[in-house]
Amino acid sequence: MNTTARRAVIVKLLKKYNSVKTVELCKTLNVTRETVRRDLYYLEKQNIARTIRGGAILNVALNETNYERRLHHNVKIKQLIAEQFCKYVHKGDTVYLDYGTTSLAVAKILHTQSELTVITNSIPIINELYKTRGLNLIVLGGAVRQNEGSLYGLDAIQALRHLNINIGFFSGSGIDLAKGLSNHHIGESQLTRQALQQSQIKVVGVEHEKFNKVFTNHIMLIQDIDILITDQLTDAALINALKQQTHLDQVNIMD
């Protein structure tokens, strides 16, 4: 494998997992540590990656995946997470759906239900639900983030402060035992934190690949999550830490 092909493989792994380890790259690429380090330093100079001790992380400021691409990523997993969340939703509830493709998967299930109030800042979710009979939809106004199709800003935050939410569904770009849930965009993150304050039950749904990743904007600590829904989480130490060191009501590990 030549240098260009090798670096292309590293970039692909970075975009898939957001981080890579030098020792694992040596095995995957069948090259020395020195070769991997040179490749990572090259990618750092190209603003694709940032080197850290033992490997590198994706330069998230330049490499956040767009909404349309994420719609087609882990579709089945998002559907399973959405189905699990909807088991906690009861007739008459006021439900908050945060922006993101996993929340849209929830909306596609709630589309079949009635006697609910749904609050959201997501334009794709609005488009999914606004014609649903028997469902009361509350839209948070504000500035539009075109990349995500989301609304954010002071107007949306002020509107949320006057609303009570029975159960809120939240996701994120990364989740970590020490740092909790985190995301990319400061404005969306501010709105999410306000929605969390208004929610009686806080549910987080994230794919297993988002664990052990930390992004710029902090959302919430692990111990503040009431229900965590994920898939294929097989790390026994991580599972035990989530169960023993937090105030989680339940960790749903789905096959």
So Leu238 and Phe211, side chain to side chain contact (heavy atoms under 4.5 Å, CB included) or not? Walk me through it.
CA-CA 9 Å; Leu238 177 59; Phe211 277 85; 3.7 Å; yes

With rounding to the nearest 0.5 Å, note down the distance linking [atom1] in [X] to [atom2] in [Y].
| X | Y | atom1 | atom2 | value |
| --- | --- | --- | --- | --- |
| Thr120 | Leu129 | OG1 | CG | 8.0 Å |
| Leu13 | Thr28 | CG | OG1 | 6.5 Å |
| Ser103 | Lys78 | OG | NZ | 10.0 Å |
| Ile222 | Lys179 | CD1 | NZ | 12.5 Å |
| Leu43 | Leu14 | CG | CG | 7.0 Å |

Can you confirm whether the side chains of [X] and [Y] place a donor and an acceptor under 3.5 Å from each other?
| X | Y | result |
| --- | --- | --- |
| Asp226 | Tyr88 | no |
| Arg193 | Gln190 | no |
| Gln198 | Gln194 | yes |

What residue among [options] forms side chain to side chain contact (heavy atoms under 4.5 Å, CB included) with [X]?
| X | options | value |
| --- | --- | --- |
| Leu40 | Ile48, Ile10, Ile52 | Ile10 |
| Leu97 | Val118, Leu104, Asn121, Thr102 | Val118 |
| Ile225 | Leu196, Val204, Ile219 | Val204 |

For the residue pair [X] and [Y], what are the closest heavy atoms and their distance?
| X | Y | value |
| --- | --- | --- |
| Phe170 | Ala195 | CE2-CB, 3.8 Å |
| Leu177 | Ala241 | CD1-CB, 3.6 Å |
| Gln79 | Ile109 | O-CD1, 4.4 Å |
| Ser171 | Gly205 | OG-O, 2.7 Å |
| Ala159 | Leu140 | CB-CD2, 4.0 Å |
| Gln158 | His162 | O-CD2, 3.1 Å |

Are [X] and [Y] joined in one hydrophobic group, where the rule is that I, L, V, M, F, W and Y side chains link up if heavy atoms are under 4.5 Å apart?
| X | Y | value |
| --- | --- | --- |
| Val23 | Val20 | no |
| Ile125 | Ile229 | yes |
| Ile123 | Val95 | yes |
| Ile57 | Leu181 | no |
| Tyr41 | Val31 | no |

Main chain of [Y], side chain of [X]: is a donor-acceptor contact present, judged purely on distance under 3.5 Å?
| X | Y | answer |
| --- | --- | --- |
| Thr94 | Asn166 | no |
| Glu115 | Lys91 | no |
| Thr230 | Val206 | yes |
| Ser182 | Val214 | no |
| His111 | Glu128 | yes |
| Asp93 | Leu116 | no |

Which residues share a side chain to side chain donor-acceptor pair (under 3.5 Å) with Ser199, sequence neighbours left out:
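Ser199 satisfies side chain to side chain donor-acceptor pair (under 3.5 Å) with no other residue.
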
[atom1] of [X]: more than 12 outside heavy atoms within 6.0 angstrom?
| X | atom1 | value |
| --- | --- | --- |
| Arg6 | CZ | yes |
| Ile138 | CD1 | yes |
| Asn30 | CG | no |
| Gln146 | CD | no |

Quick one: sort the His184 and Phe215 rings into parallel, tilted or perpendicular, breaks at 30° and 60°.
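If you compare the ring of His184 with that of Phe215, the planes turn out tilted.
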
Apply side chain to side chain contact (heavy atoms under 4.5 Å, CB included) to Leu29 and Val9, showing your working.
CA-CA 9 Å; Leu29 301 171; Val9 170; 3.8 Å; yes

Using side chain to side chain contact (heavy atoms under 4.5 Å, CB included), reason through Thr3 and Thr35 one step at a time and then give a plain yes or no.
CA-CA 9 Å; Thr3 301; Thr35 298; over 6 Å; no

Non-neighbouring partners of Lys202 that pass salt bridge (Lys or Arg N to Asp or Glu O under 4.0 Å), sequence neighbours left out
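Checked Lys202 against salt bridge (Lys or Arg N to Asp or Glu O under 4.0 Å); zero matches.
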
Hey, are the side chains of Asn183 and Tyr99 touching, using non-hydrogen atoms and a 4.5 Å cut-off?
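Yes, their side chains come closer than 4.5 Å.
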
Can you check whether Val139 reaches Leu151 side chain to side chain, under 4.5 Å on heavy atoms?
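When only atoms from C-beta onward are counted, Leu151 and Val139 do touch, with a gap below 4.5 Å.
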
Leu191 and Asp98: side chain to side chain contact (heavy atoms under 4.5 Å, CB included), yes or no, with the steps?
CA-CA 9 Å; Leu191 183 62; Asp98 211 22; 5.7 Å; no

Exactly one of Glu188, His185, Arg145 should register a side-chain hydrogen bond (donor to acceptor under 3.5 Å, both in side chains) with Ser150. Which one does?
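Looking at Glu188, His185, Arg145, the match for Ser150 under the side-chain hydrogen bond (donor to acceptor under 3.5 Å, both in side chains) is Glu188.
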
